[in-house]
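Worth knowing before you read on, the calculation uses all heavy atoms, side chains too, and leaves out hydrogens, waters and symmetry mates.
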Amino acid sequence: MYDIAIIGAGPAGMTAALYARRAEKSVLVIEKGAFGGQMTFSPRIENYPGFASVSGIELADAMVGQVLEQGAELEPDEITSVEKTDSGFLLTGGYGVYEAKAVILAAGAKHRLLGVERESDFIGEGISYCAVCDGPFYKGKRVVVVGGGNSALQEAILLAEGCSKVTLVQNLDYFTGEKKLLDRLSGSGNVEFITGHTVTGLVGDNSLTGIRISGADGDKVIDTDGVFVAIGLVPQNAPFSSVAGLDGRGYIVSGEDTLTGTVGVFAAGDCRTKSVRQIATAVADGAAAAIAACSYLDGVR
């Protein structure tokens, strides 16, 4: 049995593991996807202290390496349920069952889908959710980025470096991302901005050839070779609802103290209720959750 099991290996989970190991607790980190979480999809991070510019993959690799050096164990698996037992908690995954005295939920969130017909048919055939992964396939081609926040603007910046044209489509009448990023895009000669329009359909047979959008001026089709979707994230907390209360959007109800409705269970990062979701705030959550979990195990509170 481990002292602490951490579900999720994003910046929150990695920081929690680091702090827990420095407190000499045995730690297991379980991750169903990429170690590093959503930040591995960021081609350039410029707002994390200590780095003028760093890719998400580089930052993730550095965090994972540090945690492994401290002695934490990492396990690739997807946890499907968490149950409270007399001695702690039982975590059931696709490849095994794990036991721990305390649990830190840091499962993050996944990409939100467009929600239009045939979207699943075009994933990998014109629709992508990661410019750093698939952008090179569209060098010299036309692409559309759907979204208006920091993630969408960062995707567009990366794509504009190699694509012939990048069209940003935002359903609001304004972009919600940082002005610095928007100004950078505005200086690119191959970037077009469309606001107040929603994607209502996809065009193409075996591969995507365009998207249909709708706005105050009616419907129209944008011809494109690819679409990069960056419209937010969806929490992945359903397997933990037995030990942590969820709000109407599926986020774990937890404050800055990272406490949940179950003694011994803590929540950190993008998976919990909070107003700001950034790498820096996830790291802060991870530290707070680990300290709280260690205090619980030590009988301090």
Practice task
In sequence, state the C-alpha distance, the side-chain angles, and the governing distance for V203 and I211, and then conclude on side chain to side chain contact (heavy atoms under 4.5 Å, CB included).
Solution key: CA-CA 5 Å; V203 181; I211 62 170; over 6 Å; no

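- Judged by distance alone, the side chains of E125 and S207 never bring a donor and an acceptor atom under 3.5 Å apart.
- Shown here for A16 and A290, the closest heavy-atom pair between the two residues is O-CB, 3.3 Å.
- Criterion: ILVMFWY side-chain heavy atoms under 4.5 Å apart, direct or through other members. Under it, V64 and F51 are part of a common hydrophobic cluster.
- The closest side-chain donor-acceptor pair between D247 and T273, if any, does not fall under 3.5 angstrom.
- Shown here are the disulfide bond (SG atoms under 2.5 Å apart) partners of C294, two or more places apart in sequence or in another chain: there are none.
- Side-chain atoms of N171 and T198 include no donor-acceptor pair closer than 3.5 Å.
- Identified under the disulfide bond (SG atoms under 2.5 Å apart) test for residues 47-132, with sequence neighbours left out: C130-C133.
- Rounding to the nearest 0.5 Å places CG of L74 at 4.5 Å from CE of M14.
- Atom CG of N47 sits about 10.5 Å away from atom OG of S53, to the nearest 0.5 Å.
- Legend: salt bridge (Lys or Arg N to Asp or Glu O under 4.0 Å) pairs involving residues 281-295, not counting sequence neighbours, sorted by first then second residue: R272-D285, K274-D285.
- In the hydrophobic clustering of ILVMFWY residues, with side-chain heavy atoms under 4.5 Å counting as a link, L297 and V103 come out apart.
- Separation of atoms CZ (F240) and OG1 (T260) is listed at 12.0 Å; rounding is to 0.5 Å.
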Exercise for the section: Apply the test salt bridge (Lys or Arg N to Asp or Glu O under 4.0 Å) to residues R184 and E46: give CA-CA distance (whole Å), side-chain angles for both, the deciding distance (0.1 Å), then the verdict. Expected result: CA-CA 13 Å; R184 185 170 174 180; E46 299 177 332; 3.6 Å; yes

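- Side-chain contact annotation: D77 with Y98, donor-acceptor N/O pair under 3.5 Å present.
- Among residues at least two apart or in separate chains, there is no ring-ring contact (aromatic ring centres under 6.0 Å, His included) pair with a member in residues 3-40.
- You'll find the side chain of L18 reaches within 4.5 Å of the side chain of R22, heavy atoms only.
- Remark: Y2 pairs with E73 by the side chain to side chain donor-acceptor pair (under 3.5 Å) rule, at least two apart or across chains.
- Residues passing the side-chain contact (heavy atoms from CB on, under 4.5 Å) test with L172 are Q170, Y174, T176, sequence neighbours excluded.
- Under the 4.5 Å side-chain criterion, counting only non-hydrogen atoms from C-beta, L28 is not in contact with I6.
- Residues forming a ring pair (Phe, Tyr, Trp, His ring centres under 6.0 Å) with F228 (at least two apart in sequence, or on another chain): Y138.
- Following chains of ILVMFWY side-chain contacts shorter than 4.5 Å, one can reach L168 starting from L159, so the two form part of one hydrophobic cluster.
- Within the 4.5 Å cutoff, side-chain heavy atoms of V146 are placed close to those of V144.
- Residues passing the salt bridge (charged side-chain N to carboxylate O under 4.0 Å, His left out) test with D217: none are found, sequence neighbours excluded.
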Practice task
Decide side chain to side chain contact (heavy atoms under 4.5 Å, CB included) for I127 and L202; before the verdict, give the C-alpha distance in whole Å, the side-chain angles of both, and the deciding distance to 0.1 Å.
Solution key: CA-CA 10 Å; I127 290 183; L202 305 171; 3.6 Å; yes

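- Residues that satisfy the side-chain contact (heavy atoms from CB on, under 4.5 Å) test with P239, not counting sequence neighbours, are absent from this structure.
- Within 6.0 Å of CG in D183 there are more than 12 heavy atoms belonging to other residues, nucleotides or ligands.
- Each of K84, E99, K101 was evaluated against F89; a single residue qualifies, K84, per the side-chain contact (heavy atoms from CB on, under 4.5 Å) test.
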Practice task
Report the C-alpha separation of I7 and V82 in whole Å, then their side-chain angles, then the decisive distance to 0.1 Å, and conclude whether the side chain to side chain contact (heavy atoms under 4.5 Å, CB included) test is met.
Solution key: CA-CA 10 Å; I7 302 176; V82 178; 3.9 Å; yes

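- Across G36 and A60, no two heavy atoms sit closer than the pair CA-CB, 3.7 Å.
- Looking at residues two or more places apart in sequence or on another chain, you find a ring pair (Phe, Tyr, Trp, His ring centres under 6.0 Å) between F193 and F175.
- Partners of S55 by side chain to side chain donor-acceptor pair (under 3.5 Å), not counting sequence neighbours, listed by chain and number: E58.
- Atom NZ of K139 and atom OG of S164 lie 12.5 Å apart (nearest 0.5 Å).
- Ion pair R118/D205 not flagged as a salt bridge, since none of the NZ, NE, NH1 or NH2 atoms sits closer than 4.0 Å to an Asp/Glu carboxylate oxygen.
- Considering every non-hydrogen atom in both C163 and N190, the closest pair reads O-ND2, 2.9 Å.
- The two residues G108 and D270 have their closest heavy-atom pair at CA-CB, 4.2 Å.
- In terms of heavy-atom proximity, G56 sits nearest to I45 at CA-CD1, 3.6 Å.
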Exercise for the section: Determine, step by step, whether D219 and S214 satisfy the side-chain hydrogen bond (donor to acceptor under 3.5 Å, both in side chains) criterion, reporting the C-alpha distance in whole Å, the side-chain angles of both residues, the deciding distance to 0.1 Å, and the verdict. Expected result: CA-CA 4 Å; D219 298 342; S214 178; 2.9 Å; yes

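- To the nearest 0.5 Å, atoms CG (L246) and OG (S241) are separated by 5.5 Å.
- Every residue was checked against the ring pair (Phe, Tyr, Trp, His ring centres under 6.0 Å) condition with F122, not counting sequence neighbours, and none meets it.
- Cluster membership check: L153 shares its hydrophobic cluster with V143, using side-chain heavy-atom separations under 4.5 Å among Ile, Leu, Val, Met, Phe, Trp and Tyr.
- Contact between R112 and I231 at its shortest, heavy atoms only, is O-CG1, 3.5 Å.
- The closest side-chain donor-acceptor pair between K32 and Q236 falls under 3.5 angstrom.
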Practice task
Output, in order, the C-alpha distance, side-chain angles, deciding distance and verdict of side chain to side chain contact (heavy atoms under 4.5 Å, CB included) for L59 and M39.
Solution key: CA-CA 8 Å; L59 186 56; M39 69 177 172; 4.0 Å; yes

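- Atom CG in L105 sits 9.0 Å away from atom OG1 in T262 (nearest 0.5 Å).
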